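Chain naming here is simple, since letters A, B, ... match the order of the sequence lines and numbering starts at 1 in each. No experiment lies behind these values; they were computed from the predicted model shown.
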2 protein chains.
Amino acid sequence: MKKQSVTLVQVAAKAGVSVMTASRAMSGDGYVSDETRNKVHAAAKALGYATNTLARVMKGGRTNVIGVVVNDLGSVVVNAFVTAMTEEARKCEMDLFIYNSIGQLDEQTQRRHSQLLHGLWDGLIYVLPRMTDEYLEALEKSDSPIVLVNFCRRETTLPVVQGDNFNAARDAVASLIAQGHQRIAFIKGSHWTGQSAERERGYRQAMADAGLRVDKHWVEQGTYSEQSGQEAGMRLLALSPRPSAVFAANDEMAIGCMNAALEQGIKVPEELSLIGFDDVPSASIVRPQLTTLRHPIALMAQAAVQELVRRIQRQPGRRQRVEFPAEMVVRDSTATLLATPRRRAKKA
Amino acid sequence: MKKQSVTLVQVAAKAGVSVMTASRAMSGDGYVSDETRNKVHAAAKALGYATNTLARVMKGGRTNVIGVVVNDLGSVVVNAFVTAMTEEARKCEMDLFIYNSIGQLDEQTQRRHSQLLHGLWDGLIYVLPRMTDEYLEALEKSDSPIVLVNFCRRETTLPVVQGDNFNAARDAVASLIAQGHQRIAFIKGSHWTGQSAERERGYRQAMADAGLRVDKHWVEQGTYSEQSGQEAGMRLLALSPRPSAVFAANDEMAIGCMNAALEQGIKVPEELSLIGFDDVPSASIVRPQLTTLRHPIALMAQAAVQELVRRIQRQPGRRQRVEFPAEMVVRDSTATLLATPRRRAKKA
DNA sequence: ATGAAAGCGCTAACAC
DNA sequence: GTGTTAGCGCTTTCAT
């Protein structure tokens, strides 16, 4: 720490009081006469004194800092969460640091974190976490305040704030069915957070509710990337008869699928309806604009920060798992299926 | 800090040595017999010991943490920088935390930071910083390692890593002139980092080099937002004669301008050529795809981290200001001006 | 090669 | 109201 420039000792000396009195005057709790307080404040200002947070932490104090751990800050959704959380944290008079853990959270990284971060944060929020079960278990045992956002891969004792993927997906697919679609495909994303699985569950539920069979070729595995969506799209569009609608686990894959369709001269939405998830900016830039589903990110971010703050302050936490309904954004990539063109698409 | 679970004291006790020996064994410097070291390591592992970074810092040690301060994490460019820096930091065996200071850095926030961060970071990188002169001066006086990225609003004694805005802008505008354009407009961005001013300087230089006059109505003030670009575009396209090309200080504004043109039925690039800056993802999604300029973000991020690490290790820093050439990405929003349609655009 | 003591800057707990 | 004592977990002396 290279000898902090100005310490409480100097402030106290300048103000002609004891260190403890200076401490009380600065922190605001404990009895200090107005006169003394003013003297101390004046001295502190004159010297340009700044509290050494580390030293305070060493004594068990709060830092008023929230840590947010993400796996992929480049993701638009993650980014939106982080930004909204930063604003909400500020409202709670807290600061917020972001740790971009590229890749999976395993025991190794866990070590580093608990070492490095222990004591630095008052609490931690994991946004769309990709973590091993071991890591999660370690977190569950920890006694420091933690909140998970959009994690539903498995049950946990930690508080979770999440968007409703199942119902959103079911309703979206139901709306396709209502438009006359029967051969509806689904492109999965990575399994990390469990969101893709929930969306798939919603998809299957809607199909089942309508008494429609799900052909095993209609469910493709992607990786949330546009590229993977395009590849999955190629495979789906090569089927005969081909699906008349595709629901992708996120917008990027839906856009990739759209590109695959356009490449083959298949018109969207006339010949192929598409629905994505997340409502990223690109969704309203591509033509046709993408119909999609959207979590209320700002609300969720607020809820997560507030829940964390509550736990930091040892107030009774709210419910253990809070779920927010998603919203469907209908744009131009979905249309009623007029006639069912039973032509066999044989072209490569 | 709520009583750290396992401390060196316990490890030492378990290994049957003194705390100091345990410390030496863990940190690796100082003489410790192999046997003792092994005993200590075993004990540490068994107990799940993790060094308390804070305590170490209190004694003047390094944290191996780099802090990155940004003003707007939502910006695609900022985000790309941060991601690249995180990767580079990891290569240097450092961790990297991000602080998203929404809005301007002034004396108030400066206080908080120097307080909170002092001792926590080994060094700080400011990416596209928006700071008051007072803040910058405080930074210049500080003796902790600091690197600025893409800041050129004014001279500074701090090391700066930046992209070459002037030459990039000049060459881009020169290429428009080579395509026959003469009435070329420029849309400025916010003044924070000074990058817009440099791009404007390049624009004016290219015009002057070609002996072209810059009509004062051709230079519009925007705010880097798509909305502001659209508004500036409306004003520019209402001029008579109207500009045949627009160079915007960033892609978002160029896209806004493109939308303004499309709304008025002005064809891009046939009737209006457009060049942006940054090469954000949207630039290749819009139709026509946007011609733009791009800083080598990954290289710059690496340079910034490496320079910072050098200064942290008290190695002789390299040059005080490093500039990277930008690259022009020619897409479909620019075209040769065939005939100069001198028709008066009178429609509102 | 190992250990003992001192102290980084701050604040809870107790005096006065 | 204010001062004194002690100690957070670690590492830098200095001694052994």
Side-chain angles (χ1 to χ4, degrees), chain A residues 1-41 43-44 47-65 114-120 122 144, chain B residues 1-41 43-44 47-64 114-120 122:
Chain A
M1 186 139 56
K2 111 148 70 103
K3 278 283 179 25
Q4 175 164 326
S5 36
V6 185
T7 73
L8 244 199
V9 180
Q10 302 174 45
V11 174
K14 175 146 185 151
V17 296
S18 79
V19 185
M20 196 54 230
T21 306
S23 169
R24 278 195 270 260
M26 294 309 293
S27 70
D29 39 55
Y31 299 100
V32 186
S33 73
D34 286 355
E35 193 192 334
T36 312
R37 192 198 326 282
N38 290 339
K39 259 195 308 189
V40 174
H41 280 167
L47 266 47
Y49 168 76
T51 310
N52 182 330
T53 311
L54 267 54
R56 172 186 305 169
V57 170
M58 286 280 292
K59 287 296 290 179
R62 299 250 170 80
T63 57
N64 292 326
V65 174
S114 56
Q115 288 168 31
L116 188 55
L117 313 186
H118 184 84
L120 171 60
D122 285 347
S144 49
Chain B
M1 186 138 57
K2 111 144 70 95
K3 279 283 181 24
Q4 173 165 325
S5 35
V6 185
T7 73
L8 245 199
V9 181
Q10 302 175 45
V11 175
K14 175 145 187 153
V17 296
S18 79
V19 185
M20 199 50 235
T21 307
S23 169
R24 277 194 269 260
M26 295 308 293
S27 69
D29 39 55
Y31 299 101
V32 186
S33 71
D34 285 355
E35 193 193 334
T36 312
R37 194 199 324 282
N38 291 339
K39 261 195 308 190
V40 174
H41 280 167
L47 265 47
Y49 168 77
T51 310
N52 182 329
T53 311
L54 267 55
R56 171 186 305 171
V57 171
M58 286 281 292
K59 287 299 288 183
R62 298 250 170 80
T63 57
N64 291 327
S114 57
Q115 287 169 34
L116 187 55
L117 313 186
H118 184 84
L120 170 60
D122 284 347

> If an axis is fit to five pairs at each end of the helix from C:dA1-D:dT16 to C:dC16-D:dG1, what is the angle between the two, to the nearest 10°?
Replying inline: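 Nearest ten degrees gives 40° for this helix.
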
Nearest whole Å is fine: how far is [N] [atom2] from [X] [atom1]?
X: B:Met26; N: D:dT11; atom1: CE; atom2: P; result: 10 Å
X: A:Tyr49; N: C:dT11; atom1: OH; atom2: P; result: 6 Å
X: A:Arg37; N: D:dG1; atom1: CZ; atom2: P; result: 10 Å
X: A:Lys39; N: D:dG1; atom1: NZ; atom2: P; result: 15 Å
X: A:Leu54; N: C:dG7; atom1: CG; atom2: P; result: 21 Å
X: A:Met58; N: D:dG9; atom1: CE; atom2: P; result: 7 Å

Report all interatomic pairs (protein N or O, nucleotide N or O of nucleotides 13-16 of chain C) with separations under 3.5 Å.
none

> Looking for any heavy atom pair under 4.0 Å, which part of the strands does A:Thr36 touch: base, sugar-phosphate only, or nothing?
Replying inline: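 Sugar-phosphate: the residue A:Thr36, judged by heavy atoms under 4.0 Å, touches backbone atoms but no base.
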
> Rounded to the nearest 0.5 Å, what separation is found between the OG1 atom of B:Thr7 and the CD atom of B:Gln10?
Replying inline: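 So the gap between those two atoms works out to 4.5 Å.
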
>> Could you measure the distance from the CZ atom of B:Arg56 to the OG1 atom of B:Thr51? Nearest 0.5 Å is fine.
In response: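 Those atoms lie 5.0 Å apart.
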
Short side-chain N/O contact from [X] to OP1 or OP2 of [N], under 4.0 Å:
X: B:Thr7; N: D:dG9; answer: no
X: A:Ser18; N: D:dT2; answer: no
X: A:Ser33; N: D:dT2; answer: yes
X: A:Arg56; N: C:dC10; answer: no

> Taking it one step at a time, do A:Arg37 and A:Asp34 satisfy side chain to side chain contact (heavy atoms under 4.5 Å, CB included)?
Replying inline: CA-CA 5 Å; A:Arg37 192 198 326 282; A:Asp34 286 355; 3.5 Å; yes

Consider the side chain of [X], meaning its heavy atoms from C-beta on, and name the nucleotide among [options] that approaches it most closely.
X: A:Asn52; options: C:dA4, C:dG9, D:dG3; answer: C:dG9
X: A:Ala55; options: D:dT11, C:dG3, C:dC10; answer: C:dC10
X: A:Ser23; options: D:dT11, C:dC10, C:dT11; answer: C:dT11
X: B:Tyr31; options: C:dG3, C:dC10, C:dA1; answer: C:dA1
X: B:Leu8; options: D:dT11, C:dG9, D:dG3; answer: D:dT11

> Per the side chain to side chain contact (heavy atoms under 4.5 Å, CB included) rule, which among B:Val32, B:Leu8, B:Thr21 passes with B:Met26?
Replying inline: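 Among B:Val32, B:Leu8, B:Thr21, the one meeting side chain to side chain contact (heavy atoms under 4.5 Å, CB included) with B:Met26 is B:Leu8.
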
>> Which residues pass the side-chain hydrogen bond (donor to acceptor under 3.5 Å, both in side chains) test with A:Thr36, not counting sequence neighbours?
In response: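 Partners of A:Thr36 under the side-chain hydrogen bond (donor to acceptor under 3.5 Å, both in side chains) test: A:Ser33.
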
>> Can you work out whether A:Val9 or B:Val19 has the more 5'-proximal nearest nucleotide on DNA chain C?
In response: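 Looking at DNA chain C, the more 5' nearest nucleotide goes with B:Val19.
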
Taking all non-hydrogen atoms of both residues, which atom of [X] and which atom of [Y] are closest, and how far apart?
X: B:Val17; Y: B:Ala22; result: CG2-N, 4.2 Å
X: B:Ala55; Y: A:Met58; result: CA-SD, 3.8 Å
X: A:Val11; Y: A:Ala43; result: O-CB, 3.8 Å
X: A:Asp122; Y: A:Thr63; result: OD1-N, 2.9 Å

